[in-house]
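Taking it in order: structure first as structure tokens, then the write-up.
Everything quoted here is computed from the prediction, not taken from an experiment. We name chains A, B, ... by the order of the sequence lines, and we start the count at 1 in each one.
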Amino acid sequence: MLRVRNVTKSFGALMAVHDVSFELGDIGITGMVGPNGSGKSTLFHILTGFYRLDRGEIFFNRHAIANRPPHQISRLGVIRSFQQTRPLPFMSVRDNLIAVAPRQCGESIWPLFFSPTRVRRQERALREKADGVLDLLKLAPLADELAGRLSYGQQKLMELGRILMADPRLILLDEPTAGINPTMIRQLVAVLCRLCEEGIQIFLIEHNMPLVAQLCQHVFVMDSGELIFSGTSGNARRDPRVVEAYLGRESHAA
Amino acid sequence: MDYILHVLILALIYSIFAVSLNLELGYAGLYNFGHVAFFGIGAYISALLSRAGMPVEGAMLCAMAGAGIAGGLLAVPALRVTEDYFGIATLVFAEMFRLVCLNERWLTKGPMGLPGIPRPAWIARGVDGLPVYLILTALAAAGVFLFVRRLTGSPFGRALRVIREDEHIAQAFGKNVLLLKIKTIVTGSALAGLAGTLWAHYISYISPADFTLTETILVVLCVVLGGRGTHWGPVLGAFAVIFFGEAVRFLPIPHELHRYVAPLQGMVYGGILVLIVLKMPSGMIAEHRRNGA
């Protein structure tokens with residue numbers, strides 16, 4: 001589904017991502033771990049078109065997506081979240097969801113004046129869809145609240161809701177559980193598992209190792225811009241390069 | 001009485017101008033500091049065509065189209081840069097427009113300006129035509145208001161607000177940010193062109209001195225003072241700016257100070273505007289309640 005080949009990106013002298021190649025299968029939840037600054041988020045930015053890459057190729061369902069603008073990649077069904085929450089604070093939670101829905105005919109000028117019924121019908125459908133998603137996330141009671149007033153955890157859930165509105169085929173989540181409480185994490189995990197069952201591929205960056213072990217069938221480990229491990233999370237913990245990346249090299253002196 | 005009609009016509013023309021800027025500045029967050037150029041392009045195209053014998057109605061439509069096209073031509077390169085630099089690019093564009101009008105004498109008569117711009121044939125010349133011209137302007141203003149309200153109250157307007165609040169989110173969710181911004185600027189420019197053409201045919205004389213940075217500041221002020229991103233804000237702002245601008249003419253300035261009448265009027269006008277902005281920083285009509293998040 002997603003195929004990444006020899007992707008390289010540097011900022012001046014800093015090699016942020018170096019010659020990374022991997023493939024994601026068709027289903028399941030894949031984790032990406034690694035110390036801070038190892039290039040995980042940069043890789044996400046590259047995959048979603050926010051950064052241009054220096055070298056390499058990226059294919060999503062046989063579409064070459066390297067260096068395509070973000071909105072085109074998004075329209076193929078690759079939808080991402082950002083590390084920090086990015087609510088539209090002055091819109092209601094429901095409008096946050098409706099606003100990001102793709103392929104809205106009312107976003108073009110002509111239909112507004114020449115086929116208003118079509119626009120109205122789509123608006124109604126989107127509203128129903130948004131309410132369905134909010135139900136799934138147990139955010140329905142907050143539908144009319146301004147997004148800026150939600151707690152951090154609720155905003156993270158709402159952002160997942162926005163992603164669901166976009167009919168994703170591959171979801172990229174940048175630290176979905178960072179900074180939210182355990183109850184909220186359980187709720188989030190339940191939703192992620194359900195999406196996975198529905199056949200949506202999930203690729204997430206996460207520092208919470210027990211969670212990665214619990215969720216992810218497959219784990220990638222990055223360090224200093226390179227992919228140093230690919231396999232199950234159990235094996236990751238025993239891999240000497242991974243241990244070294246996290247804990248530093250063992251001293252062999254005398 | 002005629003004077004009141006005159007002030008109302010001016011206020012309505014500025015309402016159209018301000019509403020068109022609000023579409024860009026208020027909803028899409030595009031700080032266009034060259035909006036007066038499109039007002040001017042509309043005025044010049046309409047004046048030139050009607051002086052050459054085209055019916056005024058046709059000239060007005062051509063002027064709107066011309067201003068819209070000019071907006072597109074500016075938008076495509078100017079949107080390659082963002083925020084402050086977009087503001088600078090638009091500012092420079094307006095100055096370029098003014099200098100072209102000043103120097104291309106074969107077309108614009110340079111600083112002499114274009115006199116004798118006719119009104120539509122069915123509107124009388126001079127003050128006799130004022131009531132009808134007021135109705136024409138009011139109809140145009142109402143049309144523009146309803147058109148922009150439909151745009152901004154629709155999914156199109158919602159997408160613009162998403163872009164204004166967080167461009168990355170808009171992109172991550174498949175919105176073609178560049179295209180939406182271009183559409184906004186083309187529409188806003190065409191409407192500014194309409195305001196310009198109404199103004200030209202009303203005043204009947206235009207020159208490059210009418211399209212300076214001062215006019216840009218005035219229309220930005222209408223939008224900011226009235227309330228960015230609201231339906232009625234720019235209309236209210238335009239009426240306030242024109243009303244206070246005229247009202248200071250009636251200040252009871254003592255005779256001994258007659259040499260300082262103009263500066264004193266200007267100071268009072270400026271003071272009133274500063275006071276409004278201080279008291280109502282998000283405009284006379286605020287888009288969000290102040291305690292909102």
Side-chain angles (χ1 to χ4, degrees), chain A residues 44-45 48-50 69-82 84-92 95-113 116 118-120 122-123 126 145-150 159 162-163 165-168 171-172 174, chain B residues 23 26-29 68 71-72 79-80 143-144 146-188 190-191 227-230 282 286-293:
Chain A
F44 268 29
H45 284 311
T48 50
F50 281 87
H71 72 269
Q72 286 184 13
I73 296 174
S74 168
R75 286 177 188 185
L76 293 172
V78 182
I79 315 288
R80 65 169 300 172
S81 74
F82 291 85
Q84 301 296 322
T85 60
R86 315 268 291 251
L88 304 162
F90 293 113
M91 285 190 191
S92 73
D95 283 346
N96 258 267
L97 265 63
I98 296 176
V100 299
R103 289 175 291 278
Q104 296 189 37
C105 59
E107 285 182 5
S108 306
I109 295 178
W110 292 118
L112 291 179
F113 296 95
R118 207 171 107 225
V119 175
R120 215 174 312 130
Q122 193 182 31
E123 279 291 283
L126 284 178
E145 192 68 58
L146 288 182
R149 293 200 179 176
L150 300 189
E159 293 198 332
R162 283 201 303 215
I163 292 174
M165 289 298 287
D167 301 323
I171 301 179
L172 304 178
D174 200 341
Chain B
L23 181 62
Y27 289 96
L79 286 173
R80 292 180 158 270
V144 168
L146 292 174
F147 174 77
V148 171
R149 194 173 72 169
R150 172 68 180 144
L151 274 190
T152 53
S154 74
F156 178 79
R158 193 169 56 208
L160 293 188
R161 285 196 295 274
V162 175
I163 292 172
R164 182 190 69 188
E165 297 292 326
D166 194 329
E167 206 164 307
H168 287 153
I169 288 293
Q171 290 173 323
F173 285 96
K175 311 258 184 251
N176 190 339
V177 171
L178 183 66
L179 188 67
L180 283 163
K181 283 182 176 176
I182 291 174
K183 284 181 183 175
T184 305
I185 292 177
V186 169
T187 312
L191 297 178
R228 273 162 288 183
T230 63
S282 38
E287 186 184 9
H288 315 291
R289 272 165 290 132
R290 215 189 285 184
N291 57 359

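Of the two parts of A:Pro116, the backbone and the side chain both hold a non-hydrogen atom closer than 4.5 Å to a non-hydrogen atom of chain B. With a 4.5 angstrom heavy-atom cutoff, A:Gln122 does not touch chain B via any of its atoms. Looking at A:Arg103, neither its backbone nor its side chain comes within 4.5 Å of chain B, counting heavy atoms on both sides. Contact annotation for A:Ser81: neither backbone nor side-chain heavy atoms come within less than 4.5 Å of a heavy atom of chain B. For A:Ile163, the parts sitting under 4.5 Å from any heavy atom of chain B are the backbone and the side chain alike. Proximity to chain B is limited to the side chain of A:Ala166, based on heavy atoms less than 4.5 angstrom apart. For A:Ala147, no part lies under 4.5 angstrom from a heavy atom of chain B.
Put simply, of B:Ile169, B:Val162, B:Asn176, the one with the most heavy-atom pairs under 4.5 Å next to chain A is B:Asn176. With chain A as partner, the option from B:Asp166, B:Leu178, B:Leu180 having the largest number of non-hydrogen pairs under 4.5 angstrom is B:Asp166. Counting heavy-atom pairs closer than 4.5 Å to chain B, the top-ranked of the candidates A:Gln104, A:Glu159, A:Arg86 is A:Arg86. For the set A:Ile73, A:Leu126, A:Ile98, A:Val119, the entry with the most heavy-atom pairs within less than 4.5 Å of chain B is A:Ile98. Here B:Ala172 is the residue among B:Ala172, B:Ala159, B:Ser154 with the most heavy-atom pairs under 4.5 Å with chain A.
For the atom pair NE2 (A:His71) and CG (B:Leu179), the distance works out to 8.0 Å, reported to the nearest 0.5 Å. Here CZ of B:Phe173 is found 13.5 Å from CZ of A:Arg75. Values are rounded to the nearest 0.5 Å. Considering CD of B:Glu165 and CE of A:Met91, their distance stands at 6.5 Å, rounded to 0.5 Å. Expressed to the nearest 0.5 Å, how far NZ of B:Lys175 lies from CD of A:Glu107 amounts to 3.5 Å. The structure places CZ of B:Arg161 at 10.0 Å from CG of A:Leu88, a figure rounded to the nearest 0.5 Å. Rounding to the nearest 0.5 Å places CZ of A:Phe90 at 8.0 Å from CD of B:Glu287.
Between B:Gln171 and A:Pro69, the closest side-chain pair of non-hydrogen atoms is not below 4.5 Å.
Taking the six-membered ring where the residue is Trp, B:His168 and A:Phe50 present perpendicular rings, their angle passing 60° and hence far from 30°.
In this structure, B:Arg150 contributes its side chain and A:Phe113 its backbone to no donor-acceptor pair below 3.5 Å.
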